[in-house]
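To keep things clear, I will list the structure first and then write my remarks on it.
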Amino acid sequence: MQIETPDVAKTNTDNYCRSVSVVMDIANENYSHFERQKAFESEVPACLPERALRFIDRVEISQHTLFEMAFEPCNLALCYSKFRSVPGAIRDSVGRHLLARQFGSDLSIALASCSFAGQKCTNEHFVNFEHPQLGMCHQFLKRKFTANMTSTQLANSELSIMYFTDSTDSKGRLPFGMEKLNQVVHDSVMSSSDDSNMALNAIIVPEKKFPWASRSIAIAAAQRMDVQLSDLKDSERQFVSDREDCINTYIVQKFIDYCKCLPSFQPIPVALVTKYKNCFDIKDISNFSRVVETCYNEQVSEIQRYQFEGSQICQPPCRTDDYSTRFVTYSWPNLKNTQSIELIKQLASNFGYRTSISGMRGLANIYQVLLKVQSYSESSSDNKTASDRLNFDAELEALQNRLAWLTVKAWSAKIQEISEEEAYPTKNLVADFGGILGLWCGVSILTLCELLELLFYIFRALFALKSDGTVQSVMNSYIGSTETTAVEKVEEL
């Protein structure tokens, strides 16, 4: 028998635990020749148990003793749980955002359907960002839709998101090792809850508010949730720092005071990002030391104490600028036999069926279910066995458990419109001027108009007299000459 390892060395006598394979020379019945066969191999580091040591020196090994010699997986502490610097270096150096994109949801696959106020939205209307507590998140860019909308349209608008969870393959199995990969991406300080039945988390906060994980709304698979929001009061339409912001800043400052670096599992205030580095930034080799590792672990163990201290220092604000919410949940989509063919057709069409077929295993399952539904509806009930019906119902249920529906709208369609205008326009000035003249002088606007008309006539008459002055002088000379002639004639008589 040989115990082979990938780095086997004849001169090496160490007992390191590594992946192994057992190769045995098995003799035939007459012992005329031996045939080399691989008995078994381990894909993970394995060890030979102590009970197998007594069989090592035997010349002959039977099937029973071979079973007793089966290797056992090594009970090794995982590096990412023993040393926080390992996942810290991956997150802080490679980038949490890039890692979360690998292990987080992809909206090009997950977004089965989206609409806002009757307008279609796609994954391009979302911006991706890495949440330090929740991993990859997607923020809806509402301003692209609300820029030209009136208050009435906004009050009656609704955001509808149909979500498809692609965390399982076409047979409904979770990818192997996904939990371990998520622990590497997200710090082991985070408490992991059983969210196997959860499709997504939704956080709805006013603008400029940090989306804390404590405000998240869990939407389960095979469920529709309608979220109804009450509007903020006018006096609260501004950013108000809440208590969680204060407590988080206190915890981060404690890390900085002791370790001179930023923790990677807490939201970091913008003012501190430019002043300090991450605790495990690979660009600075001094970050990888036993001192940093020890300090980091000590501060992690003090998180609960810091939270308590912060809650004592940070008093609740006098007011908040959060929404009041009301939830209505019910099961969806209730896929039953051929009654769901229209919904499945729509899903398959949204994911490119017949036009742009996707090679993703999860999406291929939608295509497969659609074809089976169509075939099942066309066949007669006599050709369907009980086993076929059970298998078909199981596939529908598996697809149903990957879908979730979220809608967000206003609690009430009643709105309050606020318009802005001049406090004292020109027309009010003219009206007040006329009123004062009439009150104190007995003059009205009509009187002023008549006065203007009188002045017009006077000026016109004066202009007319000036232009007729020459004619008047000629007439005066003619009258004078006529009178002289008359006197002379009288004298003659």
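Residue numbers run from 1 in the order of the sequence given.
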I need the minimum non-hydrogen distance between [X] and [Y], along with the two atoms involved.
X: E298; Y: S301; result: O-OG, 2.5 Å
X: A199; Y: A404; result: CB-CB, 3.5 Å
X: N401; Y: A221; result: O-CB, 3.0 Å
X: P267; Y: W212; result: CG-CZ3, 3.6 Å
X: I268; Y: P263; result: CD1-O, 3.5 Å
X: L370; Y: A348; result: CD2-CB, 3.6 Å

Q: Classify the ring geometry between Y296 and F255 as parallel (under 30°), tilted (30 to 60°) or perpendicular (over 60°).
A: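 Perpendicular: the ring planes of Y296 and F255 meet at over 60°.
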Q: Carefully, step by step, assess L262 and K277 under the rule side-chain contact (heavy atoms from CB on, under 4.5 Å).
A: CA-CA 6 Å; L262 300 174; K277 295 182 179 180; over 6 Å; no
Are more than 12 heavy atoms from other residues, nucleotides or ligands located less than 6.0 Å from atom [atom1] of [X]?
X: K142; atom1: NZ; value: no
X: R326; atom1: CZ; value: yes
X: Q304; atom1: CD; value: no
X: E397; atom1: CD; value: no

Sub-4.5 Å side-chain heavy-atom contact between [X] and [Y]:
X: L403; Y: L347; answer: yes
X: F308; Y: Q312; answer: yes
X: V205; Y: R215; answer: yes
X: Y353; Y: L371; answer: yes
X: V408; Y: S160; answer: no
X: Y276; Y: C261; answer: no
X: W411; Y: T325; answer: no
X: M225; Y: I217; answer: yes

Okay, side chain of [X], backbone of [Y]: is any donor-acceptor separation there less than 3.5 Å?
X: S157; Y: L154; answer: yes
X: N350; Y: A112; answer: yes
X: T294; Y: V291; answer: no
X: Q400; Y: L335; answer: yes
X: R243; Y: S311; answer: yes

Can you tell me how far [atom2] of [Y] sits from [atom1] of [X], rounded to the nearest 0.5 angstrom?
X: T122; Y: L107; atom1: OG1; atom2: CG; answer: 9.5 Å
X: L272; Y: Q266; atom1: CG; atom2: CD; answer: 12.5 Å
X: D432; Y: K427; atom1: CG; atom2: NZ; answer: 12.0 Å
X: H125; Y: L159; atom1: NE2; atom2: CG; answer: 12.0 Å
X: L200; Y: S216; atom1: CG; atom2: OG; answer: 10.0 Å
X: L399; Y: I366; atom1: CG; atom2: CD1; answer: 5.5 Å

Q: Determine, stepwise, if the pair L229 / K409 fulfils side-chain contact (heavy atoms from CB on, under 4.5 Å).
A: CA-CA 6 Å; L229 305 176; K409 59 182 179 181; over 6 Å; no
Is it true that the side chains of [X] and [Y] contain a donor and an acceptor less than 3.5 Å apart?
X: Y250; Y: E309; value: yes
X: Y306; Y: N248; value: no
X: W405; Y: D226; value: no

Q | Ring centres under 6.0 angstrom apart (H131, F210) | A |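 Ring-ring flag for H131/F210: true, centres closer than 6.0 Å.
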Q: Decide, yes or no, whether a salt bridge links E302 with R305 under the criterion of side-chain N to carboxylate O below 4.0 Å.
A: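 Yes, charged N to carboxylate O under 4.0 Å.
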Q. Does the pair E244/K209 count as a salt bridge with the N-to-O cut at 4.0 Å?
A.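 No, no charged N to carboxylate O under 4.0 Å.
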Q: Apply side-chain hydrogen bond (donor to acceptor under 3.5 Å, both in side chains) to the pair E395 and N391, showing each step before the final yes or no.
A: CA-CA 6 Å; E395 291 193 24; N391 292 335; over 6 Å; no
Q | ring pair (Phe, Tyr, Trp, His ring centres under 6.0 Å) evaluation trace for F116 with F140 | A | CA-CA 10 Å; F116 181 80; F140 179 63; 5.6 Å; yes
Q: Under the side-chain contact (heavy atoms from CB on, under 4.5 Å) rule, what do I219 and R224 come out as? Steps first, then yes or no, please.
A: CA-CA 8 Å; I219 294 94; R224 172 175 173 171; over 6 Å; no
Q: Using only the SG atoms, decide whether C259 and C279 are less than 2.5 Å apart.
A: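 No, because the SG atoms of C259 and C279 are not under 2.5 Å apart, which misses the disulfide cut-off.
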Q | Sequence-distant partners of C137, disulfide bond (SG atoms under 2.5 Å apart), two or more places apart | A |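 So C137 forms no disulfide bond (SG atoms under 2.5 Å apart) with any residue.
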(Q) Could you walk me through whether W332 and M162 satisfy the side-chain contact (heavy atoms from CB on, under 4.5 Å) test, starting with their C-alpha distance in whole Å, then the side-chain angles of each, then the deciding distance to 0.1 Å, before giving a yes or no? (A) CA-CA 11 Å; W332 177 87; M162 192 181 297; 3.5 Å; yes
Q: Show the numbers, then the answer: is there a ring pair (Phe, Tyr, Trp, His ring centres under 6.0 Å) between F129 and H138?
A: CA-CA 6 Å; F129 72 96; H138 316 278; 8.3 Å; no
Q: Evaluate salt bridge (Lys or Arg N to Asp or Glu O under 4.0 Å) for E207 paired with R143, printing each intermediate quantity in order.
A: CA-CA 11 Å; E207 290 187 86; R143 292 193 177 275; 2.9 Å; yes
